[in-house]
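In this text the structure is predicted, and so the values were computed from the model without any measurement. FYI, side chains are in, hydrogens and waters are out, and symmetry mates aren't considered; it's all heavy atoms of this structure. Lettering of chains follows the sequences in order, A, B, ..., and the numbering in each one begins at 1.
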There are 2 protein chains.
Amino acid sequence: MRRTKAEAEETRSSILHAAERVFFEKGVSNASLDDVAKAAGVTRGAIYWHFSNKTDLFLELYNTVSLPLEDMVVRDTEQPASEVLGVIEASAGNWLDDLAADEHRQRIFTILLRCPYDEDLMPVLDKQREVDDRHTVMLDNAFDRARNEGFLSGNWTPQSATKALRWMMEGLCSEWLLFGRRFDLAAEGKEGLKRLFDSFRPAPVAIASA
Amino acid sequence: MRRTKAEAEETRSSILHAAERVFFEKGVSNASLDDVAKAAGVTRGAIYWHFSNKTDLFLELYNTVSLPLEDMVVRDTEQPASEVLGVIEASAGNWLDDLAADEHRQRIFTILLRCPYDEDLMPVLDKQREVDDRHTVMLDNAFDRARNEGFLSGNWTPQSATKALRWMMEGLCSEWLLFGRRFDLAAEGKEGLKRLFDSFRPAPVAIASA
DNA sequence: AAATTAACATACGACTGTGTTTGTATAATT
DNA sequence: AATTATACAAACACAGTCGTATGTTAATTT
(Lines give C-alpha, C1' and ligand atoms only; values in the text may rest on other atoms or scores of the structure.)
Protein backbone atom coordinates (compact mmCIF):
# COMPACT_ATOMS: atom_id res chain seq x y z
CA MET A 1 0.00 0.00 0.00
CA ARG A 2 2.38 2.61 -1.22
CA ARG A 3 1.73 6.14 -0.05
CA THR A 4 2.50 9.33 -1.88
CA LYS A 5 5.69 11.12 -1.14
CA ALA A 6 3.94 13.66 1.06
CA GLU A 7 2.31 10.90 3.07
CA ALA A 8 5.61 9.16 3.51
CA GLU A 9 7.16 12.34 4.80
CA GLU A 10 4.22 12.58 7.17
CA THR A 11 4.77 9.13 8.64
CA ARG A 12 8.47 9.87 8.91
CA SER A 13 7.82 12.95 10.97
CA SER A 14 5.16 11.15 13.03
CA ILE A 15 7.80 8.54 13.82
CA LEU A 16 10.16 11.30 14.94
CA HIS A 17 7.49 12.85 17.14
CA ALA A 18 6.63 9.47 18.64
CA ALA A 19 10.31 8.78 19.27
CA GLU A 20 10.61 12.07 21.09
CA ARG A 21 7.74 11.24 23.42
CA VAL A 22 8.76 7.62 23.98
CA PHE A 23 12.45 8.40 24.51
CA PHE A 24 11.47 11.10 26.94
CA GLU A 25 9.13 8.87 28.92
CA LYS A 26 11.09 5.62 29.00
CA GLY A 27 14.63 6.77 28.33
CA VAL A 28 16.46 6.06 25.12
CA SER A 29 17.90 2.70 26.06
CA ASN A 30 14.73 1.45 27.71
CA ALA A 31 12.55 2.29 24.75
CA SER A 32 12.18 -0.33 22.05
CA LEU A 33 11.57 0.43 18.42
CA ASP A 34 8.26 -1.34 18.79
CA ASP A 35 7.28 1.16 21.47
CA VAL A 36 8.05 3.95 19.07
CA ALA A 37 6.25 2.24 16.21
CA LYS A 38 3.10 1.70 18.25
CA ALA A 39 3.18 5.27 19.51
CA ALA A 40 3.41 6.41 15.89
CA GLY A 41 0.67 4.05 14.73
CA VAL A 42 2.94 2.12 12.40
CA THR A 43 5.07 -1.03 12.55
CA ARG A 44 8.79 -1.40 12.90
CA GLY A 45 8.93 -1.88 9.17
CA ALA A 46 8.14 1.78 8.68
CA ILE A 47 10.89 2.77 11.09
CA TYR A 48 13.46 0.58 9.37
CA TRP A 49 12.36 2.03 6.04
CA HIS A 50 12.96 5.61 7.11
CA PHE A 51 15.87 5.05 9.49
CA SER A 52 18.62 2.51 9.54
CA ASN A 53 18.43 1.71 13.25
CA LYS A 54 17.71 3.14 16.66
CA THR A 55 20.89 5.16 16.87
CA ASP A 56 20.18 6.70 13.49
CA LEU A 57 16.64 7.54 14.60
CA PHE A 58 18.03 9.21 17.69
CA LEU A 59 20.56 11.19 15.68
CA GLU A 60 17.91 12.35 13.22
CA LEU A 61 15.72 13.37 16.12
CA TYR A 62 18.64 15.29 17.56
CA ASN A 63 19.19 17.03 14.23
CA THR A 64 15.64 18.33 14.16
CA VAL A 65 16.53 20.66 17.02
CA SER A 66 20.27 20.98 16.79
CA LEU A 67 20.09 24.16 14.74
CA PRO A 68 17.69 25.98 17.11
CA LEU A 69 20.02 24.91 19.90
CA GLU A 70 22.69 27.17 18.55
CA ASP A 71 20.45 30.18 18.80
CA MET A 72 21.38 30.59 22.40
CA VAL A 73 24.69 32.09 21.41
CA VAL A 74 24.90 35.79 21.88
CA ARG A 75 25.35 37.40 18.54
CA ASP A 76 24.53 41.00 19.36
CA THR A 77 28.11 42.00 20.00
CA GLU A 78 27.64 45.14 17.98
CA GLN A 79 25.90 46.87 20.85
CA PRO A 80 27.58 49.72 22.68
CA ALA A 81 29.72 48.39 25.51
CA SER A 82 27.51 50.00 28.10
CA GLU A 83 24.71 47.66 27.11
CA VAL A 84 26.67 44.46 26.65
CA LEU A 85 25.76 43.09 30.06
CA GLY A 86 22.11 43.96 29.53
CA VAL A 87 22.11 42.24 26.17
CA ILE A 88 23.67 39.08 27.54
CA GLU A 89 21.23 39.03 30.42
CA ALA A 90 18.27 39.58 28.13
CA SER A 91 19.52 36.90 25.79
CA ALA A 92 19.80 34.39 28.62
CA GLY A 93 16.35 35.40 29.87
CA ASN A 94 14.85 34.93 26.43
CA TRP A 95 16.45 31.56 26.20
CA LEU A 96 14.74 30.59 29.44
CA ASP A 97 11.43 31.90 28.15
CA ASP A 98 11.79 29.86 25.01
CA LEU A 99 12.64 26.70 26.91
CA ALA A 100 9.77 27.18 29.33
CA ALA A 101 7.33 27.60 26.44
CA ASP A 102 8.60 24.85 24.16
CA GLU A 103 7.81 21.34 25.38
CA HIS A 104 9.55 19.92 22.37
CA ARG A 105 12.80 21.53 23.37
CA GLN A 106 12.26 20.49 26.97
CA ARG A 107 11.90 16.85 26.00
CA ILE A 108 14.95 16.91 23.74
CA PHE A 109 17.09 18.50 26.43
CA THR A 110 15.86 16.04 29.02
CA ILE A 111 16.61 13.15 26.71
CA LEU A 112 20.08 14.51 26.04
CA LEU A 113 20.78 15.02 29.72
CA ARG A 114 19.72 11.54 30.68
CA CYS A 115 20.98 9.52 27.78
CA PRO A 116 23.96 7.27 28.47
CA TYR A 117 26.50 8.27 25.87
CA ASP A 118 28.00 5.09 24.52
CA GLU A 119 30.33 4.95 21.56
CA ASP A 120 27.90 5.54 18.72
CA LEU A 121 26.30 8.55 20.34
CA MET A 122 29.61 10.34 20.51
CA PRO A 123 28.83 12.67 17.57
CA VAL A 124 26.03 14.11 19.66
CA LEU A 125 28.33 14.76 22.57
CA ASP A 126 30.95 16.25 20.28
CA LYS A 127 28.44 18.61 18.74
CA GLN A 128 27.19 19.64 22.16
CA ARG A 129 30.73 20.40 23.19
CA GLU A 130 31.40 22.38 20.06
CA VAL A 131 28.29 24.52 20.56
CA ASP A 132 29.18 25.02 24.22
CA ASP A 133 32.72 26.01 23.36
CA ARG A 134 31.59 28.54 20.78
CA HIS A 135 29.11 29.91 23.29
CA THR A 136 31.81 30.21 25.90
CA VAL A 137 34.13 32.06 23.56
CA MET A 138 31.43 34.54 22.58
CA LEU A 139 30.56 35.18 26.21
CA ASP A 140 34.21 35.63 27.08
CA ASN A 141 34.59 38.18 24.33
CA ALA A 142 31.46 40.04 25.29
CA PHE A 143 32.42 40.23 28.96
CA ASP A 144 35.89 41.28 27.93
CA ARG A 145 34.51 44.19 25.93
CA ALA A 146 32.40 45.19 28.92
CA ARG A 147 35.42 45.05 31.19
CA ASN A 148 37.66 47.05 28.87
CA GLU A 149 35.12 49.85 28.85
CA GLY A 150 34.78 49.74 32.62
CA PHE A 151 31.40 48.06 32.76
CA LEU A 152 32.47 44.93 34.60
CA SER A 153 32.91 44.86 38.36
CA GLY A 154 36.43 44.31 39.64
CA ASN A 155 35.16 41.27 41.50
CA TRP A 156 34.78 39.42 38.24
CA THR A 157 36.98 38.58 35.29
CA PRO A 158 35.46 37.91 31.88
CA GLN A 159 36.23 34.23 32.22
CA SER A 160 34.85 33.89 35.72
CA ALA A 161 31.70 35.75 34.74
CA THR A 162 31.24 33.47 31.76
CA LYS A 163 31.63 30.39 33.90
CA ALA A 164 29.35 31.67 36.64
CA LEU A 165 26.66 32.46 34.10
CA ARG A 166 26.99 29.16 32.30
CA TRP A 167 27.02 27.13 35.52
CA MET A 168 24.00 28.97 36.85
CA MET A 169 22.08 28.39 33.64
CA GLU A 170 23.10 24.76 33.49
CA GLY A 171 22.25 24.09 37.10
CA LEU A 172 18.98 25.93 36.80
CA CYS A 173 17.89 24.01 33.73
CA SER A 174 19.17 20.68 34.98
CA GLU A 175 17.24 20.99 38.19
CA TRP A 176 14.12 22.07 36.37
CA LEU A 177 14.27 19.43 33.67
CA LEU A 178 15.58 16.45 35.59
CA PHE A 179 13.78 17.16 38.78
CA GLY A 180 10.21 17.57 37.76
CA ARG A 181 9.75 21.25 36.92
CA ARG A 182 8.76 22.10 40.46
CA PHE A 183 9.22 25.84 40.05
CA ASP A 184 8.71 28.62 37.54
CA LEU A 185 11.77 28.38 35.32
CA ALA A 186 11.45 31.73 33.58
CA ALA A 187 10.48 33.77 36.64
CA GLU A 188 12.95 32.35 39.15
CA GLY A 189 15.63 32.01 36.53
CA LYS A 190 15.39 35.60 35.45
CA GLU A 191 15.38 36.80 39.03
CA GLY A 192 18.57 34.88 39.62
CA LEU A 193 20.05 36.29 36.44
CA LYS A 194 19.15 39.80 37.51
CA ARG A 195 20.92 39.47 40.83
CA LEU A 196 23.94 37.81 39.27
CA PHE A 197 24.24 40.52 36.63
CA ASP A 198 23.83 43.18 39.28
CA SER A 199 26.93 41.76 40.89
CA PHE A 200 28.64 41.83 37.49
CA ARG A 201 28.13 45.58 37.23
CA PRO A 202 30.58 47.88 38.98
CA ALA A 203 29.35 49.49 42.16
CA PRO A 204 27.99 52.96 41.40
CA VAL A 205 30.59 55.58 42.18
CA ALA A 206 29.51 57.61 45.15
CA ILE A 207 28.37 61.03 44.07
CA ALA A 208 30.30 63.60 46.02
CA SER A 209 27.69 64.64 48.52
CA ALA A 210 27.55 66.27 51.91
CA MET B 1 31.49 -24.66 47.25
CA ARG B 2 30.26 -22.95 50.32
CA ARG B 3 32.40 -20.06 51.52
CA THR B 4 32.78 -18.67 54.98
CA LYS B 5 30.68 -15.72 55.96
CA ALA B 6 33.56 -13.29 55.56
CA GLU B 7 34.22 -14.57 52.05
CA ALA B 8 30.59 -14.22 51.15
CA GLU B 9 30.59 -10.64 52.35
CA GLU B 10 33.67 -10.12 50.23
CA THR B 11 32.05 -11.36 47.05
CA ARG B 12 28.97 -9.29 47.82
CA SER B 13 31.03 -6.15 48.07
CA SER B 14 33.02 -7.09 44.99
CA ILE B 15 29.73 -7.37 43.14
CA LEU B 16 28.79 -3.91 44.34
CA HIS B 17 32.13 -2.48 43.23
CA ALA B 18 31.79 -4.16 39.85
CA ALA B 19 28.26 -2.85 39.48
CA GLU B 20 29.50 0.64 40.17
CA ARG B 21 32.11 0.42 37.43
CA VAL B 22 29.86 -1.29 34.90
CA PHE B 23 26.87 0.97 35.53
CA PHE B 24 29.14 3.96 35.19
CA GLU B 25 30.66 2.76 31.95
CA LYS B 26 27.63 1.35 30.14
CA GLY B 27 24.76 3.06 31.89
CA VAL B 28 22.37 1.26 34.19
CA SER B 29 19.89 0.10 31.60
CA ASN B 30 22.51 -0.92 29.08
CA ALA B 31 24.45 -3.03 31.54
CA SER B 32 23.43 -6.65 31.92
CA LEU B 33 23.81 -8.64 35.09
CA ASP B 34 26.21 -10.85 33.21
CA ASP B 35 28.42 -7.83 32.57
CA VAL B 36 28.45 -7.13 36.27
CA ALA B 37 29.07 -10.76 37.13
CA LYS B 38 32.02 -11.04 34.77
CA ALA B 39 33.48 -7.78 36.04
CA ALA B 40 33.23 -9.17 39.56
CA GLY B 41 34.69 -12.52 38.60
CA VAL B 42 31.56 -14.47 39.54
CA THR B 43 28.46 -15.72 37.76
CA ARG B 44 24.94 -14.38 37.76
CA GLY B 45 24.12 -16.99 40.36
CA ALA B 46 26.15 -15.09 42.92
CA ILE B 47 24.33 -11.88 42.10
CA TYR B 48 20.93 -13.49 42.43
CA TRP B 49 22.02 -14.99 45.72
CA HIS B 50 22.96 -11.64 47.23
CA PHE B 51 20.40 -9.45 45.46
CA SER B 52 16.93 -10.11 44.23
CA ASN B 53 17.33 -8.41 40.86
CA LYS B 54 19.00 -5.56 39.03
CA THR B 55 16.89 -2.84 40.60
CA ASP B 56 17.67 -4.18 44.06
CA LEU B 57 21.36 -4.24 43.22
CA PHE B 58 21.16 -0.64 42.09
CA LEU B 59 19.33 0.42 45.24
CA GLU B 60 21.86 -1.34 47.45
CA LEU B 61 24.66 0.35 45.55
CA TYR B 62 22.94 3.67 46.08
CA ASN B 63 22.63 2.98 49.78
CA THR B 64 26.37 2.48 50.14
CA VAL B 65 26.87 6.19 49.51
CA SER B 66 23.54 7.70 50.44
CA LEU B 67 24.67 8.52 53.96
CA PRO B 68 27.88 10.34 52.93
CA LEU B 69 25.74 12.23 50.46
CA GLU B 70 23.99 13.97 53.28
CA ASP B 71 27.25 15.32 54.62
CA MET B 72 27.05 18.19 52.25
CA VAL B 73 24.48 19.90 54.39
CA VAL B 74 25.81 22.79 56.36
CA ARG B 75 25.55 22.02 59.99
CA ASP B 76 27.82 24.64 61.49
CA THR B 77 25.05 27.12 62.13
CA GLU B 78 26.44 27.82 65.57
CA GLN B 79 29.08 30.14 64.17
CA PRO B 80 28.92 33.85 64.76
CA ALA B 81 26.85 35.54 62.08
CA SER B 82 29.86 37.39 60.76
CA GLU B 83 31.37 34.10 59.67
CA VAL B 84 28.26 32.38 58.32
CA LEU B 85 29.05 33.20 54.71
CA GLY B 86 32.62 32.07 55.14
CA VAL B 87 31.47 28.81 56.67
CA ILE B 88 29.03 28.10 53.86
CA GLU B 89 31.65 28.92 51.26
CA ALA B 90 34.22 26.71 52.94
CA SER B 91 31.71 23.91 53.26
CA ALA B 92 30.88 24.07 49.57
CA GLY B 93 34.57 24.21 48.74
CA ASN B 94 35.28 21.17 50.88
CA TRP B 95 32.47 19.34 49.20
CA LEU B 96 34.11 20.03 45.85
CA ASP B 97 37.46 18.85 47.18
CA ASP B 98 35.87 15.64 48.39
CA LEU B 99 34.15 15.00 45.10
CA ALA B 100 37.29 15.72 43.10
CA ALA B 101 39.26 13.28 45.24
CA ASP B 102 36.72 10.46 45.47
CA GLU B 103 36.26 8.54 42.24
CA HIS B 104 33.69 6.36 43.94
CA ARG B 105 31.48 9.33 44.63
CA GLN B 106 32.08 10.67 41.13
CA ARG B 107 30.86 7.45 39.57
CA ILE B 108 27.79 7.25 41.78
CA PHE B 109 26.83 10.82 41.02
CA THR B 110 27.35 10.29 37.32
CA ILE B 111 25.22 7.17 37.41
CA LEU B 112 22.50 9.02 39.27
CA LEU B 113 22.58 11.94 36.88
CA ARG B 114 22.32 9.75 33.82
CA CYS B 115 20.00 7.04 34.97
CA PRO B 116 16.51 7.08 33.46
CA TYR B 117 14.24 7.12 36.44
CA ASP B 118 11.44 4.69 35.74
CA GLU B 119 8.85 3.65 38.28
CA ASP B 120 10.89 1.33 40.46
CA LEU B 121 13.75 3.79 40.83
CA MET B 122 11.45 6.40 42.32
CA PRO B 123 12.65 5.86 45.91
CA VAL B 124 16.07 7.06 44.81
CA LEU B 125 14.63 10.19 43.27
CA ASP B 126 12.50 10.82 46.35
CA LYS B 127 15.49 10.51 48.63
CA GLN B 128 17.51 12.85 46.46
CA ARG B 129 14.73 15.39 46.64
CA GLU B 130 14.45 15.06 50.38
CA VAL B 131 18.18 15.64 50.87
CA ASP B 132 18.08 18.58 48.49
CA ASP B 133 15.10 20.10 50.26
CA ARG B 134 16.77 19.80 53.66
CA HIS B 135 19.91 21.32 52.24
CA THR B 136 17.93 24.21 50.80
CA VAL B 137 16.21 24.91 54.09
CA MET B 138 19.48 24.94 55.99
CA LEU B 139 21.06 27.29 53.47
CA ASP B 140 18.02 29.56 53.60
CA ASN B 141 18.27 29.74 57.36
CA ALA B 142 21.99 30.39 57.32
CA PHE B 143 21.72 33.16 54.75
CA ASP B 144 18.80 34.59 56.70
CA ARG B 145 20.93 34.78 59.82
CA ALA B 146 23.65 36.51 57.85
CA ARG B 147 21.17 39.01 56.47
CA ASN B 148 19.59 39.80 59.80
CA GLU B 149 22.97 40.71 61.17
CA GLY B 150 23.80 42.83 58.15
CA PHE B 151 26.24 40.47 56.53
CA LEU B 152 24.30 39.91 53.31
CA SER B 153 24.43 42.35 50.45
CA GLY B 154 21.20 44.13 49.63
CA ASN B 155 21.44 42.74 46.12
CA TRP B 156 20.58 39.29 47.44
CA THR B 157 17.83 37.75 49.50
CA PRO B 158 18.46 34.59 51.50
CA GLN B 159 16.36 32.59 49.05
CA SER B 160 18.01 34.00 45.96
CA ALA B 161 21.46 33.44 47.42
CA THR B 162 20.55 29.85 48.22
CA LYS B 163 19.32 29.24 44.72
CA ALA B 164 22.28 30.93 43.09
CA LEU B 165 24.67 28.84 45.15
CA ARG B 166 22.81 25.60 44.53
CA TRP B 167 22.47 26.24 40.79
CA MET B 168 26.12 27.13 40.48
CA MET B 169 27.18 23.99 42.32
CA GLU B 170 24.81 21.83 40.31
CA GLY B 171 25.85 23.31 36.99
CA LEU B 172 29.50 23.08 37.90
CA CYS B 173 29.29 19.43 38.92
CA SER B 174 26.99 18.45 36.07
CA GLU B 175 29.34 19.89 33.51
CA TRP B 176 32.34 18.30 35.14
CA LEU B 177 30.78 14.87 35.61
CA LEU B 178 28.69 14.56 32.47
CA PHE B 179 31.06 16.33 30.18
CA GLY B 180 34.33 14.60 30.70
CA ARG B 181 36.09 16.40 33.54
CA ARG B 182 37.82 18.80 31.21
CA PHE B 183 38.80 21.25 33.91
CA ASP B 184 39.98 21.37 37.51
CA LEU B 185 36.79 21.02 39.51
CA ALA B 186 38.13 22.10 42.88
CA ALA B 187 40.25 24.99 41.66
CA GLU B 188 37.83 26.56 39.20
CA GLY B 189 34.86 25.75 41.40
CA LYS B 190 36.35 27.43 44.43
CA GLU B 191 37.33 30.45 42.42
CA GLY B 192 33.76 30.77 41.22
CA LEU B 193 32.51 30.33 44.76
CA LYS B 194 34.85 33.04 45.98
CA ARG B 195 33.58 35.56 43.48
CA LEU B 196 29.97 34.64 44.08
CA PHE B 197 30.37 34.95 47.83
CA ASP B 198 32.17 38.25 47.38
CA SER B 199 29.04 39.48 45.71
CA PHE B 200 27.00 38.10 48.61
CA ARG B 201 28.90 40.30 51.06
CA PRO B 202 27.82 43.88 51.48
CA ALA B 203 30.02 46.48 49.82
CA PRO B 204 32.50 47.87 52.36
CA VAL B 205 31.27 51.18 53.72
CA ALA B 206 33.47 53.97 52.52
CA ILE B 207 35.68 55.20 55.27
CA ALA B 208 35.25 58.92 55.64
CA SER B 209 38.33 60.19 53.90
CA ALA B 210 39.55 63.35 52.27
C1' DA C 1 29.69 -39.15 61.10
C1' DA C 2 25.60 -37.88 59.06
C1' DA C 3 22.58 -34.41 57.89
C1' DT C 4 21.82 -29.89 56.85
C1' DT C 5 22.50 -25.56 55.00
C1' DA C 6 25.03 -21.62 53.01
C1' DA C 7 27.20 -19.94 48.86
C1' DC C 8 27.55 -20.17 44.94
C1' DA C 9 27.95 -22.33 39.50
C1' DT C 10 25.53 -24.29 35.77
C1' DA C 11 21.76 -25.38 32.98
C1' DC C 12 17.17 -24.40 31.27
C1' DG C 13 12.99 -22.11 29.45
C1' DA C 14 10.76 -18.04 28.28
C1' DC C 15 10.68 -13.76 26.48
C1' DT C 16 12.24 -9.51 24.32
C1' DG C 17 14.33 -6.76 20.99
C1' DT C 18 16.88 -6.49 16.83
C1' DG C 19 17.90 -6.78 11.97
C1' DT C 20 16.51 -8.85 7.77
C1' DT C 21 13.65 -10.87 4.52
C1' DT C 22 9.64 -11.41 2.19
C1' DG C 23 5.12 -10.09 0.79
C1' DT C 24 2.03 -6.55 -1.18
C1' DA C 25 -0.59 -2.81 -2.60
C1' DT C 26 -0.16 1.39 -4.71
C1' DA C 27 2.03 5.44 -6.87
C1' DA C 28 5.15 6.72 -10.43
C1' DT C 29 7.33 5.75 -14.74
C1' DT C 30 7.76 4.35 -19.52
C1' DA D 1 -0.90 -0.71 -19.94
C1' DA D 2 2.69 -2.88 -18.29
C1' DT D 3 6.55 -2.36 -15.49
C1' DT D 4 9.00 -0.72 -11.78
C1' DA D 5 10.11 1.34 -7.69
C1' DT D 6 8.19 2.96 -3.30
C1' DA D 7 6.32 2.63 1.34
C1' DC D 8 5.34 0.05 4.17
C1' DA D 9 3.31 -4.67 7.01
C1' DA D 10 4.12 -9.30 8.38
C1' DA D 11 6.97 -13.03 9.25
C1' DC D 12 11.38 -14.98 10.44
C1' DA D 13 15.78 -15.97 12.45
C1' DC D 14 18.77 -14.88 16.03
C1' DA D 15 21.31 -13.11 19.97
C1' DG D 16 20.73 -11.32 24.60
C1' DT D 17 18.81 -11.19 28.99
C1' DC D 18 16.11 -12.51 32.72
C1' DG D 19 14.44 -15.44 36.38
C1' DT D 20 14.44 -19.89 38.09
C1' DA D 21 15.58 -24.50 38.91
C1' DT D 22 18.89 -27.60 39.84
C1' DG D 23 23.49 -29.20 40.84
C1' DT D 24 27.74 -29.00 43.72
C1' DT D 25 30.91 -28.23 47.33
C1' DA D 26 32.31 -27.00 51.70
C1' DA D 27 31.21 -25.15 56.19
C1' DT D 28 28.11 -25.97 60.20
C1' DT D 29 25.25 -28.31 62.97
C1' DT D 30 23.68 -32.34 65.44
Can you list, pair by pair, the side-chain donor-acceptor contacts under 3.5 Å of residues 110-117 of chain A, counting residues two or more places apart and other chains?
residue, atom, partner, partner atom, Å
A/Thr110, OG1, A/Gln106, O, 2.7
A/Tyr117, OH, A/Leu112, O, 2.7

Residues 188-195 of chain A side chain polar contacts: donor-acceptor under 3.5 Å, at least two apart:
residue, atom, partner, partner atom, Å
A/Glu188, OE1, B/Lys163, NZ, 2.8
A/Lys190, NZ, A/Asp97, OD1, 3.2
A/Lys190, NZ, A/Asp97, OD2, 2.9
A/Glu191, OE2, A/Arg195, NE, 3.0
A/Glu191, OE2, A/Arg195, NH2, 2.9
A/Arg195, NE, B/Ser160, OG, 3.3
A/Arg195, NH1, B/Asn155, O, 2.7

Polar atom pairs between nucleotides 1-4 of chain C and protein, under 3.5 Å, N or O only, would you list them?
none

### Query
Looking at residues at least two apart in the chain, or sitting in another chain, which of them share a salt bridge (charged side-chain N to carboxylate O under 4.0 Å, His left out) with B/Glu149?
none
#### Entry: Sequence neighbours excluded - salt bridge (Lys or Arg N to Asp or Glu O under 4.0 Å) pairs with any residue from residues 39-64 of chain B
B/Arg12-B/Glu60
#### Entry: Under the side-chain hydrogen bond (donor to acceptor under 3.5 Å, both in side chains) test, residues paired with B/Arg201 that sit two or more places apart
B/Glu89
### Summary
Under a 4.0 Å heavy-atom cutoff, the residues of residues 15-23 of chain B touching DNA chain D are none
### Query
Is it true that A/Phe58 and A/Phe51 have ring centroids separated by less than 6.0 Å?
no
### Query
Mind checking what makes side-chain hydrogen bond (donor to acceptor under 3.5 Å, both in side chains) contact with A/Thr136, not counting sequence neighbours?
A/Arg166
### Query
How does protein reach along nucleotides 15-20 of chain C, written 5' to 3' as B (base within reach of a heavy atom under 4.0 Å), S (only sugar-phosphate), or - (no contact)?
--SBBB
### Message
Under the rule for side-chain hydrogen bond (donor to acceptor under 3.5 Å, both in side chains), what residues qualify as partners of A/Ser32, not counting sequence neighbours?
### Response
A/Asp35
### Task
Name all pairs fulfilling the side-chain hydrogen bond (donor to acceptor under 3.5 Å, both in side chains) condition that reach into residues 170-179 of chain A, sequence neighbours left out, sorted by first residue then second.
A/Glu175-B/Trp167
### Message
Taking side-chain hydrogen bond (donor to acceptor under 3.5 Å, both in side chains) as the definition, give me every residue that meets it alongside B/Asp34, ordered by chain and number, with sequence neighbours left out.
### Response
B/Lys38
